[in-house]
Amino acid sequence: MTKGKSDSNNYLIIIAGGPAGDGIMYHYVFPFFKKLEKEYKIVFYDQRGSGNAKGDPDISTFNLQQHAIDLNRIILTIKKDNDKANIYLVGYSYGGSIALQYLSNKEFDQNVDGAIMISGAFNRKLQAKYQKKLTIEFLEQWVDEGYIKNYDYLVTGFTCQPDMYDCKKDSIETVKKINTRFKKIAKESKYPINPVTIKNLLNYALFAPGNPFRSARNEARNAPYFQAEFDSLTFSDNLIISNPILFMTGRLDTNVPYYDAEKIINRDDITIHNKKLLILEKSGHLPMFTEPDLMTEAIRRFIKTE
């Protein structure tokens, strides 16, 4: 499904998160992409085994390499219809893994002009390590701000000695404060519920092509087949990419901490022709809701530069 500015030669292919997430849904439920439609052609599609994608593929084809092959077919179709097309991949979360898989294939990378990663997940083996590191970063920040005195109470092996009563009282108060902050952070990664988003969800349910119930069934049924490969990802090792990439990631993202993108940006043994990193200070895993204007401007500059 292609939406957007009819006379634009810049195509942004939206690669949905998941695994097995509904790609067509993004047109309806994310106002951010509607903003992009005012300037570019936006291509939404359902991945193999996801949304309302046709056919009943064998589960042996539920992997990133097959995703890349399927994506290339879409790209070649666009280029056949418009030989002036400039094509940019836009991968969200798991979709970032698909985009990197595509770009790492030397047979495919010349078919696109660049990639934009939104909250991309690239090294799932380090997810737990990154999440722990981010938690400590938050705690240190709150100590520096004077919000809490310390977080010794959370350290394994800590005991309240010698003043047991005051120590326990302080520890309970500190934990309450920490939980309050983490609840606020978690909120930045949740789909907001308000009149506008409810209306968007209704539009998707009533007017989107396909069947939302079939989409939900496919995600529940097929996501586990993709998940095992996803959880073993080590994309940020030995990566050679010739295409320019813009990474956008939320400072408050506890699902995919920003260290994941930082590692790709900073490592010497990872070659990317032109790499940019935008850390969105007020965002979690759904920056499309929290900082859409910053993201739109970053995409505009990135495409103009390339």
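Just so you know, these numbers use all the heavy atoms, side chains as well, and skip hydrogens, waters and symmetry mates.
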*Side-chain contact test, heavy atoms from C-beta onward, threshold under 4.5 Å: evaluate it for P209 versus I24 and give yes or no.*
yes
_Looking only at side-chain N and O atoms, does N105 offer a donor or acceptor that is under 3.5 Å from a partner on Q101?_
no
*asked:* Is any side-chain heavy atom of L103 closer than 4.5 Å to one of I245?
replied: yes
*asked:* Would you say that I264 contacts F122 through its side chain, given a criterion of any heavy-atom pair below 4.5 Å between the two side chains?
replied: yes
*Between atom CG of L36 and atom CD1 of I116, what is the distance when rounded to the nearest 0.5 Å?*
8.0 Å
*Using 4.0 Å as the upper bound for N to carboxylate O, is an ion pair formed by K263 and D260?*
no
*asked:* Classify the ring geometry of F138 against W142: parallel below 30°, tilted from 30° to 60°, perpendicular beyond 60°.
replied: parallel
_Does Q110 have more than 12 heavy atoms from other residues, nucleotides or ligands lying within 6.0 Å of its CD?_
yes
*Quick one: do Y259 and E137 satisfy side chain to side chain donor-acceptor pair (under 3.5 Å)? Show the steps, please.*
CA-CA 12 Å; Y259 310 120; E137 180 180 322; 2.4 Å; yes
*Knowing that exactly one of F108, F226, Y102 qualifies, which makes a ring pair (Phe, Tyr, Trp, His ring centres under 6.0 Å) with H67?*
F226
*Under the 3.5 angstrom rule, does the side chain of D22 hit a backbone N or O of S215 as a donor-acceptor pair?*
no
_Cationic tip of R251 above Y258 ring, under 6.0 Å, 45° of axis_ = yes
_D293 with K35: basic N within carboxylate O range, under 4.0 Å_ = yes
*Do N111 and N72 have a side chain donor and acceptor closer than 3.5 Å?*
yes
*asked:* Can you confirm whether or not the ring centre of Y92 sits under 6.0 Å from the ring centre of H285?
replied: yes
